[in-house]
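Some notes on the structure that comes next.
Every chain is numbered from 1 and lettered A, B, ... according to where its sequence line falls, protein lines coming before strand lines.
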Amino acid sequence: MTVKLQQIDDCRWRIPREGAMRTEGLVFADARMIATLQEEQALEQVRNVATLPGIVGPSLAMPDIHWGYGFPIGGVAAFDAEEGVVSPGGVGYDINCGVRLLRSALTANDIKPVLAKLADTLFRNVPAGVGSERRDLKVSLAEQRRVLERGAAWAVARGYGETEDLRHIEAGGMLPDADSELISERAMERGRAQLGTLGSGNHFLEVQEVEEIFDAAVADVLGLCTGQVTVSIHTGSRGLGYQVCDDFLKRMLQASRKYGIELPDRQLCCAPLTSPEGREYLAAMAGAANFAFANRQIITAWVRESFEQVLGLGPAQLRLSLIYDVCHNIAKWETHTVDGRARRLCVHRKGATRAFPPGHPETPEAYRAVGQPVLIPGDMGRYSYVLVGSAGAMAETFGSTCHGAGRVLSRHAAKKVAHGRRIEAELAERGILIRAAGRAAVAEEISEAYKDVAEVVDVVRRAGLGKIVARLRPLAVIKG
DNA sequence: ATGTAC
């Protein structure tokens, strides 16, 4: 089935309203990206989302859009508090998957002599891989409930990191209104031993070098300069978030029937935001989101510890400070101005990053003048980007941008391309060390499996959704 | 993404 597309300009495409659509679709992409998309069902998914009750503004898609469960990955949709719905498919299985970025007082030359030892130590100290389990962290069931309610603040209280870190996390590292009683026993069990683990797939831990600065004034405010060592952590809520999504998909399928919501695709199952089912999903989702915030906070402490071990330097010399931590799979209550009126909306971001502009009260004070940091990982063989949010994003996308490069090859296809090659050696030739839980994980994540993230962020820049600040090159990659 | 199917 082909989806009608009208080109608006060189980076915007409209899917006109027709049939059951309640609003139009708006896709941010260049002509080449659109050409590859039309063979996929991702645009059809943008159109399907536009049929959901209470949607406000267009059904949006970022330039890294690809096919996902119900909603496309790279999709943004906002819903009215009274008329709208909440959908687990609009958040995704990995609730509060996100990225955090640490800066350091080190240069790439400082760590090059010990890079292999640093990679080994990080790989040992941060469990990675499918089903990876905790190191030495023991959490009782009662305490796990506190994790789900307090997020990163729980981790800091337990000695993982500093209070200062909390100021540099989206939502302060804790979504309010989380209710651990709404999370199934099974989800609790799955999460129990997974706090402080990386997981698999595109999740990673990277030691990086700032390769290029594009905006010196903003980079200065974020504390970034060329040649500096940074660390990125990309992971989410592991098996716990997966189980919460799975549990609620079943309930939402029933709820959709109960409330008479017509679905073009069962995977879009949802419930009114005013219904018990809707409220309960949001409270369970907030718990899983807080688990993910705590997860990234604990890993951060182990990263700091690893650097201290290998370099023999103290925290004051390393200065591994948290620049920012952003979610890219979440539904949140936010206030947005629509047609000149401030409205409280439930914004679904699935594979999309919040990108609030300069001056926004939710942006940490330190960055208030330049905008919220936006962290966009690329693939392990190339680079990642740091952006800041802009007024354009607030006006057009409910303060959102892309979240990454976006796959172009399926995992299976990537493995075929990698077959017979020595990917580790190829990366080493480019100065990138990799430590991974398995060979298959590396093969599935080869550069060729992804779009060039430089092209993705360039669409974001041209569309005025964000400002490009810096490009980071991987030096050592820890993969599940 | 995911104890890659209970």
Exercise. What orientation do A/Y160 and A/W154 show, parallel under 30°, tilted 30 to 60°, or perpendicular over 60°?
Worked result: parallel
Exercise. What does A/E189 touch in the nucleic acid at a heavy-atom separation under 4.0 angstrom: a base, only the sugar-phosphate, or nothing?
Worked result: nothing
Problem set entry | A/K250 NZ to B/dA5 P, straight-line distance once rounded to whole Å | 14 Å
For this session: Check whether any side-chain nitrogen or oxygen of A/S200 sits under 4.0 Å from OP1 or OP2 of B/dT2, and answer yes or no.
Result: yes
Exercise. Any side-chain heavy-atom pair from A/F307 and A/L320 closer than 4.5 angstrom?
Worked result: yes
For this session: Rounded to the nearest angstrom, tell me the gap between atom OH in A/Y93 and atom C1' in B/dA5.
Result: 12 Å
For this session: Provide, to the nearest angstrom, the distance between the CZ atom belonging to A/R186 and the P atom belonging to B/dA5.
Result: 13 Å
Seminar exercise, completed: To the nearest angstrom, the OH-P distance between A/Y242 and B/dA5 comes to 8 Å
Problem set entry | Set of residues satisfying ring-ring contact (aromatic ring centres under 6.0 Å, His included) with respect to A/Y242, sequence neighbours excluded | A/Y93
Exercise. Hey, is A/R421 close enough to A/E448 for a salt bridge, meaning N to O under 4.0 Å?
Worked result: yes
Exercise. B/dT2 P sits how many Å from A/Q243 CD, rounded?
Worked result: 13 Å
Exercise. Mapping A/H203 and A/V130 onto DNA chain B by nearest heavy atom, which one lands closer to the 5' end?
Worked result: A/H203
For this session: Measure the distance from CG on A/D247 to P on B/dT2 and round it to the nearest whole Å.
Result: 16 Å
Problem set entry | Length of the line joining A/I73:CD1 and B/dT2:P, which is rounded to integer Å | 13 Å
Exercise. When all nucleic acid strands are considered with a 4.0 Å heavy-atom cut-off, which category describes A/R238: base, sugar-phosphate, or nothing?
Worked result: sugar-phosphate
For this session: Let me know the distance between CZ of A/F291 and C1' of B/dT2, rounded to the nearest Å.
Result: 13 Å
